[in-house]
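Reading through the structure tokens given below for one structure.
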Amino acid sequence: MIEVHSLVKRFGALAAVDGLTFSVARNEVLGFLGPNGAGKTTTMRILTGALPATEGRVRVAGLDVFDQPMQVKRKVGYLPEVPPLYEELDVLAYLGFVARLKSLPGRRVKSEVARVVETCGLREVRGRLIANLSKGFRQRVGLAQALLGDPEVLILDEPTIGLDPNQIAEIRGLIRRLAENHTVILSTHILPEVIQVCQRVLIVHRGRLVADDRLENLTSESRSLEQTFHDLTQE
Amino acid sequence: MRPIIAILRKELRVYFTTPVAYAAFTVFSIVTSFLFLRNLVGFQRQIDINTQLRPHLLQFMNFTDQVLSQLTFQAAVVLVFVVPFVTMRLVAEERRARTFELLMTNPVSPWHIAWGKYLATLVVLAVMLSLTLLYPLLVGLVAQVGGVAWETVGTGLLGLFLLGAAFTALGLFVSALTASPVVAAIITWCVLFLLWVVGWAATENPGATGDVLRALSAIEHIRSFASGALDSRDLVYYLSLCAFGLFMTQRALEAQRWR
């Protein structure tokens, strides 16, 4: 579903991503780990077509991100680390705007908005201004936005950051349900979340891949995922 | 096409759910109504003087030319101050609030963004300018002889709209260069101010220099419209500013992607 080959992204002299190669199979849930500044967000932004790479090839659903960015963007739902919300709009107006931005036909706009409002549990706040929502609801509106149009690929950058334990459990449950028929890349710092949700784990450090394996191979009776992470990303 | 309409609708919703549009309408109406009253009082005084001293001049006095044309000219200057306030947050606010990411990761091109935002602001501009119709309407109601030359009112409004559209395009471009709406407003205001005062310099410099400066001044080009004439040179001037602003906005938005 996603193929990344020798991906490099330089910002001036700094190589944020330095020769990443990996692939993600259809309906796989990939945990994308690494310390802050390892190049995770940069990689995800390149996958969504928002940021052009310096070198390398990226294909999403068989389409080249650099040659056909518009088609790729239609197939990818993206939740950035800071949910991109317009505080001046209410939840329904915001989701309607994003649905139209994705060029969904008029009739589908309404049904899709209704669907994601249900999926993300937003019914009670649908008429409220986003500026007045709690952090948990804002995060859910951000997730709802990524689900509009039912994209095949979901890229979620720290979707549970700043949520309380109940909300975290809800979002994780939601991601697990979505994983049944979506390809998901999940970036997070919460390692138990990876264990609960992901089948495969990718660890990056300083823009390079330091681990790419099934979860069970990175952990064992005597080694936790924490220790593996620690060992691989220590100086 | 759909993304343009989506952005247009969203921008209009933001304009009219936040105080931005209403504040602009209020400031514009207060200032233009003050200027209208001043023009009217001046006109009245001149009638009084002419009635007593130079009655033969009365037949040359004309309400449209001396009050409304004058007002068109003054309203153009008011736009120098109001437009930066309306355009400042168009792109800068998206970058400040990190919503720009949403536009970048959805199937939307820089042209869609530029046109959607531009057209929404033109709607706000059109509503704002239509408020000035109140003055000739009021006078038309009470006028007993002569009254209002509506063609001149029409060309005046068209001129103001074109001038406003040109200012909006420049404001949109400046807004696309920064992540701070306040900085965008200040820079836009400086640019528009220069386009205005270059006309002052024109009157002080006779000859070719003056002609060039006059051709550059945004306010000088409203003269033909204000007096009820349509001059293709002035049309071309405003439309080229619009095209320049939109093109540069598209370039600036495209450049964002590479950072």
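Numbered from 1 within each chain, the chains take letters A, B, ... in sequence-line order. Side-chain atoms are counted along with the backbone in the values below, which use heavy atoms only and exclude waters and symmetry mates. Bear in mind the structure is a predicted one, so any value in this text is a computation, not a measurement.
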R123(A) atom CZ, over 12 foreign heavy atoms within 6.0 Å: no

Within-4.5 Å side-chain heavy-atom neighbours: R2(B) and P105(A): yes

Atom group of P83(A) that falls short of 4.5 Å from chain B, counting heavy atoms: neither

Atom pair OH (Y94(A)) and NZ (K10(B)), whose distance is rounded to the nearest 0.5 Å: 10.0 Å

Per-residue contact mode, L85(A) against chain B (heavy atom under 4.5 angstrom): backbone

Neighbour count above 12 (heavy atom, 6.0 Å) for R115(A) CZ: yes

Closest heavy-atom pair and its distance - L89(A), R13(B): CD2-CD, 3.5 Å

Proximal component of Y78(A), with respect to chain B [non-hydrogen, under 4.5 Å]: side chain

For K73(A) against P107(B), the heavy-atom pair lying closest together: CB-N, 3.8 Å

Distance in Å, L79(A) CG paired with L102(B) CG, rounded so as to fall on 0.5 Å steps: 10.5 Å

Heavy-atom proximity to chain B below 4.5 Å, by part of E87(A): neither

Per-residue contact mode, I7(B) against chain A (heavy atom under 4.5 angstrom): both

Minimum heavy-atom distance E88(A)-T18(B), with the two atoms named: CG-CG2, 3.5 Å

Nearest-0.5 Å distance that lies between atom CG in N106(B) and atom CZ in F97(A): 8.0 Å

Interchain contact, T105(B) with chain A, by part (heavy-atom threshold 4.5 Å): both

Residue I155(A) versus chain B: region with a heavy atom under 4.5 Å: neither

Residue part contacting chain A, namely of R98(B), when any heavy atom lies under 4.5 Å: both

Straight-line distance of L101(A) CG to R9(B) CZ, nearest 0.5 Å: 12.5 Å

Interface moiety of V98(A) toward chain B, non-hydrogen atoms closer than 4.5 Å: side chain

